[in-house]
*Asks:* 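Okay, handing you the structure first.
For ligands, and for the atoms within them, numbers begin at 1 and follow the listed sequence. Reckoned from all heavy atoms, side chains included, excluding hydrogens, waters and symmetry mates.
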Amino acid sequence: MAGVKELAYVGYEVSDLADWEHFGCTLLGMQLGEKLANGFTLRTDERAHRWIITEGPADDLVVSGYEVESDEALDTLVAALTEAGVEVAEGDPDLVAARKVERLVSTVDPMGNRIELVVGPQDAETPFASEALLGGFVTGPGGAGHQVLLAKGVDRETYMAFYEGLLGFRISDIIIEELAPGIVADLIFLHCNPRHHSVAFGEMPHPKKTHHFMLEVTDIRDVGMAWDRCLKAGQPFEMTLGMHPNDNMFSFYVTTPSGFAVEYGWGGLLIDDDTWEVKTLDRLNNWGHHPMAAEIAWLNAAIAHETNEGTN
Ligand SMILES: [Fe+2]
């Protein structure tokens with residue numbers, strides 16, 4: 001298979017390294033991989049790193065690393081990209097060493113996101129250990145997690161020609177929901193392994209390249225405990241606990257120190273390509289995932305109601 005097989009790692013450029021280390025390790029339960037000259041890496045499993053955090057003004061996603069099965073598969077992919085007129089560059093030895101892979105080829109997707117196609121990502125020298133989690137993170141054949149990226153005005157046909165036509169992603173499903181009169185969420189979810197989606201794209205009013213990254217845990221109690229840690233630390237939430245109708249993820253969304261979100265979830269659905277049927281769904285959530293501002297307004301209204309009842 002010449003396509004990509006998993007989302008291997010992501011890189012974020014962040015303005016506050018200390019906040020991010022606290023957010024990643026203490027609140028989310030990731031493990032510090034290693035300190036870099038200009039940042040640090042984070043682990044969620046046996047791999048050397050899954051997130052690469054470097055200091056800079058972007059406060060956004062700066063690289064997505066996708067693993068390819070073999071050297072030969074990467075050669076085939078490079079030939080397809082080149083034939084389609086997409087520029088690719090073989091990674092230099094310093095970058096290959098820094099990413100802890102055997103080989104790396106970089107390119108850019110139609111939205112301008114940097115993509116690294118890698119072979120042979122290394123494991124760390126020590127087993128994964130989290131000080132915060134009861135269980136672990138769900139990675140393995142499903143890769144690091146999933147991310148939702150902004151289409152940024154690029155039409156679907158164009159980015160699907162790249163992600164489906166060249167990188168080999170398959171469509172999982174589409175969700176179209178009218179959130180308010182005239183405001184329509186239209187997201188397409190793509191998979192490259194059994195995880196319901198490794199990447200999704202949508203057109204939303206959002207200042208970043210990425211809307212969120214999803215970390216999945218093996219123990220549902222870790223969703224609740226991470227929620228508590230974020231709440232007690234005063235980390236702002238983007239959405240309350242809820243469940244999506246397509247991947248069945250039980251999750252909440254917390255805002256990162258850089259302004260985009262992390263979805264922290266459990267119980268994500270796996271896809272069997274032999275039996276999977278692509279559907280278009282009409283809602284983003286089965287229940288929950290309320291914007292935090294709305295939740296606080298409801299709570300205040302409930303408290304005011306109770307106070308009035310008490311005084312009447
Ligand atoms: Fe998600």
Side-chain angles (χ1 to χ4, degrees), residues 6-10 12 23-24 27-30 44 50-51 60-61 64 66 111 113 137-140 142-152 159 163 169-177 179 185-206 208-218 220 222-224 226-227 230 235-256 258-271 276 278-292:
E6 68 162 274
L7 175 56
Y9 57 84
V10 285
Y12 298 113
F23 178 71
L27 302 187
L28 302 185
M30 299 169 92
T44 57
R50 290 295 196 175
W51 288 12
D60 206 349
L61 177 74
S64 301
Y66 291 100
M111 278 71 80
N113 297 300
F137 289 101
V138 178
T139 58
H146 74 230
Q147 57 181 349
V148 174
L149 306 181
L150 282 302
K152 296 288 176 195
Y159 64 73
Y163 279 94
F169 280 90
R170 279 92 68 196
I171 300 172
S172 308
D173 37 45
I174 292 167
I175 299 183
I176 303 173
E177 179 179 3
L179 302 170
D186 182 353
L187 289 137
I188 188 162
F189 298 82
L190 309 178
H191 65 280
C192 58
N193 55 48
R195 187 185 290 282
H196 175 275
H197 59 285
S198 291
V199 67
F201 297 97
E203 199 65 79
M204 290 171 270
H206 198 277
K208 308 287 181 184
K209 290 179 171 181
T210 184
H211 176 268
H212 72 268
F213 187 96
M214 190 286 305
L215 286 171
E216 185 176 3
V217 289
T218 59
I220 193 170
D222 279 320
V223 177
W227 169 271
C230 293
Q235 193 69 27
F237 291 94
E238 184 166 316
M239 284 185 260
T240 60
L241 284 162
M243 186 174 281
H244 295 298
N246 57 345
D247 67 357
N248 292 344
M249 193 72 73
F250 169 72
S251 62
F252 67 87
Y253 288 70
V254 61
T255 307
T256 69
S258 291
F260 57 90
V262 162
E263 178 183 9
Y264 204 89
W266 173 86
L269 180 138
L270 300 177
I271 284 180
W276 187 252
V278 177
K279 292 192 178 83
T280 298
L281 308 172
D282 61 2
R283 65 204 149 103
L284 288 165
N285 303 296
N286 283 337
W287 58 270
H289 287 156
H290 303 298
M292 204 60 188

*Asks:* How about H244 and N285: does a side-chain donor come under 3.5 Å of a side-chain acceptor?
*Replies:*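 N285 and H244 do have a side-chain donor-acceptor pair below 3.5 Å.
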*Asks:* Residues in salt bridge (Lys or Arg N to Asp or Glu O under 4.0 Å) with E6, at least two apart?
*Replies:*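 In terms of salt bridge (Lys or Arg N to Asp or Glu O under 4.0 Å), with neighbours along the sequence ignored, E6 is linked to R47, R50.
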*Asks:* Just checking F260 against H212, ring centres under 6.0 Å apart?
*Replies:*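 No, ring centres 6.0 Å or more apart.
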*Asks:* If I only include protein atoms of type N, O or S, how many are less than 2.8 Å from the Fe ion (ligand 1)?
*Replies:*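 Every protein N, O or S atom under 2.8 Å from the Fe ion (ligand 1) counted, the figure is 3.
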*Asks:* Who pairs with E216 by salt bridge (Lys or Arg N to Asp or Glu O under 4.0 Å), at least two apart in sequence or on another chain?
*Replies:*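 For E216 the salt bridge (Lys or Arg N to Asp or Glu O under 4.0 Å) partners, ignoring immediate neighbours, are R195.
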*Asks:* Just jot down the ring pair (Phe, Tyr, Trp, His ring centres under 6.0 Å) partners of F213, sequence neighbours excluded, or say none.
*Replies:*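 With sequence neighbours excluded, F213 shows a ring pair (Phe, Tyr, Trp, His ring centres under 6.0 Å) to W51, given in chain and number order.
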*Asks:* Verify whether one side chain among S172 and H196 offers a donor that lies under 3.5 Å from an acceptor in the other.
*Replies:*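 No, no side-chain donor-acceptor contact under 3.5 Å.
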